[in-house]
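One structure below.
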Amino acid sequence: MGLVVYNYLTRSKETFKPVTPGRVGMYVCGPTVYDHAHLGHAKVYVSFDVVNRFLRFLGYRVRYVQNITDVGHLLDSGEDRIHRGAAREKLEPMEVVEKYAWSYFDDMDALGVRRPDISPRASGHVTEQIELIQCMVDKGVAYVSDGSVYFSVDAYPAYGRLSRRNIEELQAGTRVEALEGKRNPLDFALWKHAQPEHLMQWPSPWGRGYPGWHIECTAMSAKYLGLPYDIHGGGLDNIFPHNESEIAQADAAFGEGYANYWLLAGSLNVDGVKMSKSLGNFVTIKDALAKADPAALRLLVLTGHYRSPLAFTNDALEAARTGARRLGAARDKVAAYMSARGLPPEEDLASLQGEPAETRDRCVESLKDDFNTPQAAGVLFEAAHRVNTLLDEPSPPEETVRGFDALFREVGDRVLGIIPKAGLDLTGLTPRLMELLLALRTELRTARNYPLADRIREELATRGISVEDHPDGPRWRMDR
RNA sequence: GGCGGCAUAGCCAAGUGGUAAGGCAGAGGACUGCAAAUCCUUUAUCCCCCGGUUCGAAUCCGGGUGCCGCCUCCA
């Protein structure tokens, strides 16, 4: 079976066919960097990380573009999010952007999220956005009003196609004031006129101002991926108006189609409602990482399907931690067996035979079916159970164990990233162990058990560690 | 009000026509100086409710109930 993805444009599963055989262009809406990221962000970006990794696993050459929004994303009040952050922390807007962009990258690195190939910033692509807007003005689908430029939804009948809304219904349900110089309340800003005191502003054909929120994604994805491209991803909560408007802009300006497949991720819920900044019901990724292994957090996210909402509870987090440990323990047990017998790791998944091959197929088929990570993870848990049982037998079949080892590495770790890293962090462990050993030796000396105390010192000496007894206690050092 | 989605064991969660994956928690057992890990066994006669279609439905259709998302703040 080929790769099948659920496409929000058609609301159905479709066989994936890239524009250029063997290559995939993917764009995912990135964060607005004005505060630390939370687990809700982790769900979306870990989900698309698996999409990215699995596409590469299948042999596609992927170009993954994910923007950093650092201008133009407004709050209800009309205040720019970046300005909000700048005012809060008494920083330059670009200092806020730097701080939280790096915070975000650090979080993603810690979560084992493979970096996008390009992370373009909106503020670095104002020229491209202006050109795109000008193109729409020239074609008559956008109009200038008091130094701002608006997209005219009336000039684009297909508006609402992605989110399944129609313009009339939207108009009927518009919440109050149409405001400013909009011809239609649904028209959205492409370019906003800036007051002199507005901190982030650029010159444009329509005066000084700044780009609207939706335009950056259209401009930057078109620039780096060309049109049409294959996959557009993001959170389902942005389907309207953001994603809808992206499509409208691209179609209106270029008429070449935009993204062929729309993959949108469900939100992370707490007590039934979305984890979000505004509700304050969030756990930052940094806080979560202080308590749980990255693999555990990934497992938490990936035990649910990416399209579905996921209920976050502390019990679910605990379950993920324990589950990830279980996978790690099985992987370690297999690795120890391989090491003890000097078995070289199997590098070629395609060459697997028997049970491991069946397990591989079940995992891959699950992932090919719209990235069904819960099912693939379930299969790996069964594999862990199976290999644990095998290794308790007198003579485990070597090829089978090797095959499972390969699966844990290639699927469990490389594609899903749900198996904790092998090996312990030994940093600082030696001093702590020496402290323990010398404390025990001191007790022996106090009890006048000198033979055993001396034996500890001698045994340590043969290992290059000398121990000296001083009035204030023992000291040790590595001699070599 | 409009549009969309969800409802599966104590918790998280797959499964979209053929008779309920997986994880956590729980129970019994093996092993163990104790503990942990590991292993074995076990835990939903049933998938929100009521009708219908079908030889057969958690899965399809109709109605109802509850919850959620979006409707220019949000990944």
Side-chain angles (χ1 to χ4, degrees), chain A residues 8 11 28-32 35 37-48 66 69 73-79 81 84 104 153 160 163-166 168-175 179 182 185-189 212-214 233-245 264-269 271-279 282 299-300 302-305 307-327 329-330 332-333 362 366 369 372-385 388-393 418:
Chain A
Y8 258 91
R11 304 284 165 124
V28 173
C29 288
T32 301
D35 209 337
H38 55 68
L39 289 178
H41 300 101
K43 179 176 188 296
V44 174
Y45 299 122
V46 166
S47 294
F48 283 103
Q66 186 190 108
T69 297
H73 195 177
L74 307 184
L75 291 158
D76 259 347
S77 57
E79 184 184 12
R81 286 162 186 276
R84 158 74 66 89
Y104 172 72
V153 297
S163 57
R164 303 275 163 115
R165 288 151 209 257
N166 69 63
E168 290 73 32
E169 283 170 355
L170 283 170
Q171 281 171 340
T174 301
R175 327 179 192 169
L179 93 145
K182 287 187 187 179
L186 297 178
D187 291 348
F188 55 90
W213 175 39
H214 314 307
L236 182 55
D237 49 358
N238 270 337
I239 189 169
F240 187 89
H242 183 64
N243 298 151
E244 193 70 60
S245 300
L264 300 174
S267 57
L268 184 69
N269 294 160
D271 296 329
V273 299
K274 188 173 69 172
M275 179 179 283
S276 71
K277 195 64 88 184
S278 54
L279 289 174
F282 59 89
L299 181 61
L300 174 70
L302 298 175
T303 47
H305 188 93
R307 269 196 283 128
S308 305
L310 178 69
F312 174 81
T313 63
N314 280 121
D315 284 350
L317 177 59
E318 271 309 304
R321 291 182 63 196
T322 312
R325 263 204 300 275
R326 181 172 157 79
L327 289 175
D332 289 347
K333 198 167 167 181
R362 284 205 290 149
S366 294
D369 183 9
N372 193 330
T373 56
Q375 217 162 57
V379 171
L380 285 178
F381 273 103
E382 288 177 28
H385 172 76
N388 278 330
T389 309
L390 280 177
L391 290 174
D392 277 354
E393 289 173 4
I418 56 175

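Every chain is numbered from 1, with letters handed out A, B, ... down the list of sequences. Worth saying up front: this structure is predicted, and the values here are computed from it rather than measured.
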Any strand is fair game: report the nucleotide pairing with B:rA20 by Watson-Crick or G-U wobble, both distances under 3.5 Å, or none.
-> none

B:rC11 C1' sits how many Å from A:Leu310 CG, rounded?
-> 12 Å

Return no unless some side-chain N or O of A:Thr32 is found under 4.0 Å from OP1 or OP2 of B:rA75.
-> yes

Tell me what A:Arg326 touches on the nucleic acid: a base, only sugar-phosphate, or nothing, going by heavy atoms under 4.0 Å.
-> sugar-phosphate

Would you say a side-chain N or O of A:His385 is under 4.0 Å from OP1 or OP2 of B:rC40?
-> yes

Would you say A:Thr389 reaches B:rC40's phosphate, i.e. side-chain N/O to OP1/OP2 under 4.0 Å?
-> yes

Describe the nucleic acid contact of A:Lys277 in one word from base, sugar-phosphate, nothing, applying a heavy-atom distance below 4.0 Å.
-> nothing

Between A:His305 (NE2) and B:rU16 (C1'), how many Å, whole number?
-> 13 Å

Of A:Pro241 and A:Asp315, whose closest RNA chain B nucleotide lies nearer the 5' terminus?
-> A:Asp315

Derivation and outcome, side chain to side chain contact (heavy atoms under 4.5 Å, CB included), residues A:Lys333 and A:Asn388 = CA-CA 8 Å; A:Lys333 198 167 167 181; A:Asn388 278 330; 3.4 Å; yes

Starting at the 5' end of RNA chain B, which residue's closest nucleotide do you reach first, A:Gly378 or A:Gln375?
-> A:Gln375

Between P of B:rC12 and CG of A:Leu302, the distance in whole Å | 18 Å

Report yes if a side-chain nitrogen or oxygen of A:Arg362 is closer than 4.0 Å to either non-bridging phosphate oxygen (OP1 or OP2) of B:rG15; otherwise report no.
-> no

Under 3.5 Å on both distances, the Watson-Crick or G-U partner of B:rA7 | B:rU65

Watson-Crick or G-U wobble mate for B:rC39, both contacts under 3.5 Å = B:rG29

Consider only side-chain N and O atoms of A:Asn269 and A:Ser267, and report whether a donor and an acceptor are under 3.5 Å apart.
-> yes

Heavy atoms under 4.0 Å, any strand shown: does A:Gly272 hit a base, just sugar-phosphate, or nothing?
-> sugar-phosphate

Per atom distances to the A:Lys274 side chain, the nearest of B:rG69, B:rA13, B:rU38 is B:rG69

For the side chain of A:Arg165 and the base of B:rC70, is some donor closer than 3.5 Å to an acceptor across the two?
-> yes

When rounded to whole Å, the CG to P distance for the pair A:Asp271 and B:rG69 reads 12 Å

Partner of B:rC46 under the Watson-Crick or G-U wobble criteria, both distances under 3.5 Å, comes out as none

Mark yes or no for whether A:His41, through its side chain, and A:His38, through its backbone, hold a donor-acceptor pair below 3.5 Å.
-> yes

Would you say A:Asn372 reaches B:rA14's phosphate, i.e. side-chain N/O to OP1/OP2 under 4.0 Å?
-> no

Answer with base, sugar-phosphate or nothing: what part of the nucleic acid does A:Phe312 contact at a heavy-atom distance below 4.0 Å?
-> nothing

Taking the C1' atom of each, how far is B:rA36 from B:rU8, in whole Å?
-> 34 Å

B:rA13 and B:rG17, which share atom name C1', separated by this distance in whole Å = 22 Å

Hey, is the main chain of A:Leu302 close enough, under 3.5 Å, to the side chain of A:Thr373 for a donor-acceptor pair?
-> yes

All heavy atoms of A:Lys274 vs all of A:Leu279, minimum pair found to be O-CD1, 3.6 Å

Using atom P of each nucleotide, how far apart are B:rA20 and B:rC24 to the nearest Å?
-> 22 Å

Pairing residues for A:Ala319 by the side-chain contact (heavy atoms from CB on, under 4.5 Å) criterion, not counting sequence neighbours = none

Among B:rC74, B:rA13, B:rU38, which is the nearest nucleotide to the side chain of A:Lys333?
-> B:rU38

Protein-nucleotide distance (A:Leu236, atom CG; B:rC68, atom C1'), rounded to Å | 11 Å

Can a side chain N or O of A:Ser308 be found less than 4.0 Å away from OP1 or OP2 on B:rA14?
-> yes

When you measure from the side chain of A:Ala311, which nucleotide among B:rC12, B:rA75, B:rC39 comes out closest?
-> B:rC12

Which nucleotide sits closest to the side chain of A:Ala319: B:rG22, B:rG23, B:rA75?
-> B:rG23

Just how far, in rounded Å, is C1' of B:rG69 from NE2 of A:His242?
-> 17 Å

Sticking with atom C1', work out how far B:rG5 lies from B:rC48, rounded to a whole angstrom.
-> 16 Å

Give A:Lys43 one of three labels, base, sugar-phosphate or nothing, depending on what nucleic acid heavy atoms sit under 4.0 Å from its own.
-> nothing

Taking CD from A:Glu318 and C1' from B:rG10, how many angstroms apart are they, rounded to a whole number?
-> 16 Å

Which is true for A:Gly160 with a 4.0 Å heavy-atom rule: it touches a base, it touches only sugar-phosphate, or it touches nothing?
-> nothing

Residue matched to B:rG1 through Watson-Crick or wobble contacts both under 3.5 angstrom | B:rC71

Would you mind checking if A:Arg165 and A:Glu244 are paired as a salt bridge, meaning a charged N to carboxylate O distance below 4.0 Å?
-> no

Could you measure between the two P atoms, the one in B:rG26 and the one in B:rA7, and give it in whole Å?
-> 27 Å

Taking atom C1' in both B:rU43 and B:rA21, compute the distance separating them and give it to the nearest angstrom.
-> 15 Å

Can you tell me the distance, in whole Å, between the CZ atom of A:Phe381 and the C1' atom of B:rU38?
-> 15 Å

Describe the nucleic acid contact of A:Ser245 in one word from base, sugar-phosphate, nothing, applying a heavy-atom distance below 4.0 Å.
-> nothing

Hey, does the side chain of A:Ser308 reach the backbone of A:Gly304 with a donor-acceptor pair shorter than 3.5 angstrom?
-> no

Between A:Asn238 and B:rC70, is there a side-chain N or O to OP1/OP2 distance below 4.0 Å?
-> no

Results of side-chain contact (heavy atoms from CB on, under 4.5 Å) for A:Leu310 - residues two or more places apart only | A:Lys43, A:Leu268

C1'-based separation of B:rU19 from B:rU54 [nearest Å] = 14 Å

How far, in whole Å, is B:rU32 from B:rC47 if one measures between their P atoms?
-> 45 Å

